[in-house]
Amino acid sequence: MKSCYTLALLLSMTQPALAQYQGLVYDRNDSTTVMGYSGQKSMPFCGGFNNPQFALGDLNNDGKKDLVIYERFSYQVKTFINTGSPGNPVYVYAPKYALNFPEVRNYVKLEDYDRDGIPDLMHRLADGVGVYKGYYNAGNELCFNFRQLLQYSNDLSTVPPVDVFVNSNDIPAIVDIDHDGDLDVVSYSALGNNLFFYKNYQVEMGLPADSMMMKLRDKCWGKVSQNTIYRAHILQFSCDADNSTLLPKQTGGLRHGNNGVCLFDNDGDGDYDYLDGNASFADLQFLKNGKAQYGGVDSMISQDTLWQKNGVQAHMPQFPVAWWLDIDQDGNKDILVSPHGESGSENYKCILYYRNTGSAASPVYTYQSDSFLVTQTIDAGTGSYPLLYDYDKDGKPDLIVGSDGFHQANGTLRSRLLYFKNTSTPGHISFAQQSDDFNYIFGLNLAGAAPAVGDLDNDGKDDMVLGQSDGTLTFFSNTATNASQPPQWPIHAQLRDYNNALINAGNSAVPVIYDLNRDGKKDLVIGNQYGRLVYYENTGTTPGQLKLQLKNSQLGNITIDPSYLDAYASPYIGKMDNTGVDYILCGSASGRLYRYDGFQGGNTQVPYPLIDTSYSFIDSAFASYTGYSENISQRSAPAIADIDGDGKYDMILGNVLGGLTIYKQVQDVAVNAGPLFTGSQKNVKAYPNPAGDILYLSWDKSFSDNDILITIYSTAGQKIQQASVKTGCPGTSINVKDLATGVYFCELRSGTNKAVMPLSIYR
């Protein structure tokens with residue numbers, strides 16, 4: 001039980017922010033339509049792809065295989081429901097099913113290990129493989145319960161039990177190697193030379209089907225080894241008689257880096273051949289299994305070091321890995337190839353598709369595309385920045401998307417602008433693709449193109465500014481005859497200040513053009529990689545004159561994501577709800593949206609109050625799990641407008657993957673709205689919000705008719721913490737230092753009185 005006290009000073013300090021807290025305002029909009037050059041895109045706002053991994057499983061228990069895509073560096077699980085037919089699947093983005101997955105790390109596998117017809121989940125846990133049993137909930141949604149960490153204890157060289165080992169950046173094969181009905185594991189040894197075969201003895205030992213009993217059966221599976229910098233593997237290699245040799249007998253140079261193991265039946269002969277992707281090369285190595293020739297022992301007898309060298313070679317700038325699955329669901333498994341490395345990885349042509357045009361007995365893997373599925377999305381490469389602006393002057397805000405850039409063969413990023421015309425009708429958002437190189441930006445060889453539009457040179461026509469990754473900006477003057485015509489931006493130059501000094505706001509410049517000081521002229525606000533906003537005042541007095549002066553290098557004393565080395569401030573300034581009030585909404589590396597107040601009067605030298613650290617709980621849509629100790633870069637870049645003319649605002653967010661997500665306003669906001677209450681409103685307050693280690697609560701005495709029960713819930717409704725306070729107390733404190741950073745709900749109950757408030761924990 002907590003003691004009573006009052007804290008008038010803290011209460012007065014937090015009152016402005018509490019007076020404007022809005023709660024849940026926006027929610028996902030999955031009914032939008034985007035027409036591409038070849039028809040309607042099936043997953044336009046799924047957020048893009050960079051390092052996709054693939055798995056198939058029935059997510060909604062309708063008998064069809066659905067698609068799961070995992071992005072390893074942003075820890076995002078994306079789920080897609082199959083709305084098509086056998087042989088012609090249509091994968092439609094359905095993010096709600098991703099909420100049923102646990103925190104997934106490094107790799108994802110959906111396999112039915114217990115043979116109950118329901119997909120089970122495997123991913124990296126500890127040093128190897130975690131197994132989660134699948135089940136369907138009351139809503140027929142696939143969910144998972146943790147079952148076991150795979151371990152073994154039959155190797156004398158280890159201290160039992162030890163994990164079935166998978167290197168931290170490797171992908172294991174989880175298949176039925178010996179065709180006895182249960183799933184086994186094949187992965188590289190800790191030194192990265194040999195393939196270890198971990199056999200599952202569930203069938204042999206007559207154990208329950210929902211168990212996996214692992215033993216290390218072979219340290220030289222496939223009689224193959226890699227120990228040099230060369231592509232070629234050592235074939236017909238054997239361990240010592242006691243199966244203990246971990247290194248080939250030949251001495252050599254450096255070992256390969258990490259590996260992605262893809263075991264598949266290339267020739268329909270019943271054994272597993274092998275596609276090896278590793279961090280040392282930009283291509284795949286194929287090894288053929290000659291099990292029949294070697295008396296039933298898995299043995300690699302030949303190799304193709306540049307698969308497919310006699311067709312369209314599988315090539316990616318860094319660490320390609322292969323996936324064997326029936327992606328077109330015609331009954332024959334196909335091959336997808338994607339990058340497993342982060343730095344320098346392909347970010348648009350990131351899914352190679354080799355369709356099996358033969359059969360299961362006689363496969364023929366025929367190249368189809370280097371950007372499979374990506375063409376069904378809006379994907380601008382890496383680090384996207386949307387802009388909603390009525391370019392064609394038809395009264396509807398169109399969509400322009402810039403980014404950090406598309407990956408080039410030389411390892412650099414080169415930016416383009418994508419342009420989508422707004423074809424919406426009231427109540428239904430739709431866009432039509434118009435250009436993949438809007439305003440011919442690609443020819444300028446820019447690294448970074450974060451767009452902003454507005455009149456900076458005081459001639460009454462909207463100019464365009466693009467922020468670059470190095471912190472500089474490019475200015476495009478509008479040469480159209482008048483402001484009623486679509487802008488013409490043929491002339492460009494690096495943006496300079498009134499002293500002709502090059503403007504550089506710090507890395508990753510993201511500009512906004514807005515009259516911040518309320519003098520009738522549009523100013524320039526620039527977000528940067530360090531989480532700050534830089535303010536340049538428009539001091540021009542002559543039409544056509546571009547004159548910008550640095551006034552504040554940390555506008556509003558704003559610093560977002562202070563725990564991140566690279567915070568990536570991406571500002572939007574303007575109206576965002578039915579109150580008609582302008583706010584600063586700032587995207588961040590964490591994916592959270594920070595909202596600020598206090599600038600509307602035109603003062604550019606005072607601190608701006610922080611209202612929200614996770615506006616409308618948008619960060620949860622990025623599937624960023626608060627349990628991770630490291631700072632995961634999700635990135636968010638907001639753009640807001642009434643896209644479909646229905647009187648409600650809509651929000652489009654860019655992210656680190658180069659894609660977009662879209663939201664609609666689902667709740668009207670009352671002017672000067674207080675905390676989100678249900679039941680009696682008795683001046684109940686929680687402060688500071690966001691809280692660090694201590695949360696303070698206060699209320700009117702009329703609220704506490706009985707003892708007060710205080711409960712903190714997760715956004716999923718799980719009870720996290722609870723405390724009680726005696727009748728008549730005006731306030732209390734709660735220690736919340738054990739709560740992970742994130743968003744929660746704080747509920748207070750006293751008799752029939754009830755108050756519920758969103759609560760952010762942030763350190």
Side-chain angles (χ1 to χ4, degrees), residues 380-381 383-394 396-405 414-422 434-497 502-505 508-516 521-528 534 536 538 540 543-548 570-574 637-641 652 654:
S384 50
Y385 305 100
L387 171 69
L388 290 167
Y389 172 73
D390 184 11
Y391 170 74
D392 57 6
K393 303 302 179 183
D394 66 350
K396 301 178 180 179
D398 305 302
L399 174 61
I400 299 172
V401 188
S403 72
D404 290 343
R414 188 172 175 182
S415 295
R416 289 184 270 149
L417 293 179
L418 314 181
Y419 169 46
F420 297 84
K421 176 180 171 61
N422 187 344
Q434 302 294 304
S435 176
D436 285 338
D437 188 16
F438 178 63
N439 211 57
Y440 306 106
I441 298 302
F442 190 72
L444 303 183
N445 201 27
L446 299 178
V453 171
D455 181 17
L456 275 183
D457 59 6
N458 308 301
D459 64 355
K461 298 176 296 183
D462 287 336
D463 310 300
M464 181 169 68
V465 173
L466 298 181
Q468 272 78 75
S469 299
D470 64 0
T472 62
L473 301 98
T474 302
F475 175 75
F476 297 79
S477 178
N478 188 351
T479 62
T481 303
N482 56 60
S484 64
Q485 295 181 338
Q488 300 294 316
W489 295 312
I491 303 172
H492 71 279
Q494 285 191 301
L495 192 60
R496 296 178 177 273
D497 68 8
L502 189 68
I503 292 178
N504 192 319
S508 298
V510 182
V512 173
I513 298 174
Y514 180 87
D515 183 10
L516 196 68
K521 294 177 292 186
K522 295 294 182 67
D523 307 302
L524 183 64
V525 177
I526 313 166
N528 64 27
V534 181
Y536 280 84
N538 183 348
Q545 180 185 56
L546 183 64
K547 192 173 182 181
L548 300 170
S570 299
Y572 162 85
I573 308 177
I640 298 176
I652 295 180

- Is there a donor-acceptor contact under 3.5 Å from the side chain of K547 to the main chain of D497? no
Here the gap from S469 atom OG to L446 atom CG, rounded to the nearest 0.5 Å, amounts to 9.5 Å
For G448, does its backbone N or O pair with a side-chain atom of S415 as donor and acceptor, under 3.5 Å?
-> yes
Practice task
Mark yes or no for whether D463, through its side chain, and D455, through its backbone, hold a donor-acceptor pair below 3.5 Å.
Solution key: no
Taking the side chain as C-beta and beyond, is there a heavy-atom pair between P490 and T479 under 4.5 Å? yes
| V534 and V525, any side-chain heavy atoms less than 4.5 Å apart | no
Note: A483 and G460 closest approach over all heavy atoms is CB-O, 3.3 Å
With side chains defined as the heavy atoms from C-beta onward, is the minimum distance between D457 and S477 less than 4.5 Å?
-> yes
- Item | Intermediate values then yes/no, side-chain contact (heavy atoms from CB on, under 4.5 Å), V401 and L417 | CA-CA 6 Å; V401 188; L417 293 179; over 6 Å; no
- Message: Between S403 (side chain only) and A380 (backbone N and O only), is there a donor and an acceptor less than 3.5 Å apart?
- Response: yes
Below 4.5 Å, heavy atoms only, C-beta onward: do L466 and L473 meet side chain to side chain?
no
Partner of T474 under side-chain hydrogen bond (donor to acceptor under 3.5 Å, both in side chains), picked from H492, Q468, Q494, is Q468
Rounded to the nearest 0.5 angstrom, the OH-CG distance for Y389 and N422 is 14.0 Å
Checking side-chain contact (heavy atoms from CB on, under 4.5 Å) for the pair N538/L524: CA distance, chi angles, key distance, verdict? CA-CA 7 Å; N538 183 348; L524 183 64; over 6 Å; no
Worksheet item: Side-chain contact, heavy-atom cut-off 4.5 Å: V510 with P571?
Response: yes
Rounding to 0.5 Å, atoms CD1 (I526) and CG (N528) come to a distance of 8.5 Å
*Is the side chain of N478 donor-acceptor paired with the backbone N or O of W489 at a distance under 3.5 Å, no angle test?*
no
Practice problem: Indicate yes or no for a side-chain donor-acceptor contact from N504 to the backbone of D470 under 3.5 Å, with no hydrogens or angles considered. | Solution: yes
So does Y391 get a backbone contact from the side chain of D398, meaning a donor-acceptor N/O pair under 3.5 Å? yes
Next on the checklist: Evaluate L399 against L388 for side-chain contact (heavy atoms from CB on, under 4.5 Å), listing each step before the verdict.
Outcome noted: CA-CA 5 Å; L399 174 61; L388 290 167; 4.1 Å; yes
Nearest heavy-atom contact between K393 and Q485 is CE-O, 3.6 Å
Quiz item: Can you find a pair of side-chain heavy atoms, one from Y385 and one from D404, that are under 4.5 Å apart?
Solution: yes
Closest non-hydrogen atoms of A480 and P486, given as atom of the first, atom of the second and distance, are CB-O, 3.7 Å
When you compare the side chains of D437 and Y419, does any donor N or O come within less than 3.5 Å of an acceptor on the partner?
no
For the pair D394 and K421, find out whether any cationic side-chain nitrogen is under 4.0 Å from an anionic carboxylate oxygen. yes
Validation row: F476, N439 side chains within 4.5 angstrom (heavy atoms): yes
task = Check the pair F475 / L546 against side-chain contact (heavy atoms from CB on, under 4.5 Å), numbers first and verdict last.
result = CA-CA 10 Å; F475 175 75; L546 183 64; 3.9 Å; yes
Separation between CG (D392) and CD (Q434), nearest 0.5 Å, reads 8.0 Å
Smallest heavy-atom separation, D462 atom then P487 atom, equals O-CB, 4.2 Å
- N458 side chain vs G544 backbone, donor-acceptor pair below 3.5 Å: no
Closest non-hydrogen contact found for S570 with P638 is O-CD, 3.3 Å
Smallest heavy-atom separation, A509 atom then A450 atom, equals O-CB, 3.7 Å
- Query: Sub-3.5 Å donor-acceptor pair from the side chain of R414 to the main-chain atoms of F442, do we have one?
  - Reply: yes
Q) Do the side chain of K396 and the main chain of D390 share a donor and acceptor less than 3.5 angstrom apart? A) no
When rounded to the nearest 0.5 Å, the distance separating OH of Y536 from CG of L548 is 8.5 Å
Do I513 and D523 come within less than 4.5 Å of each other through their side chains, counting heavy atoms only?
-> no
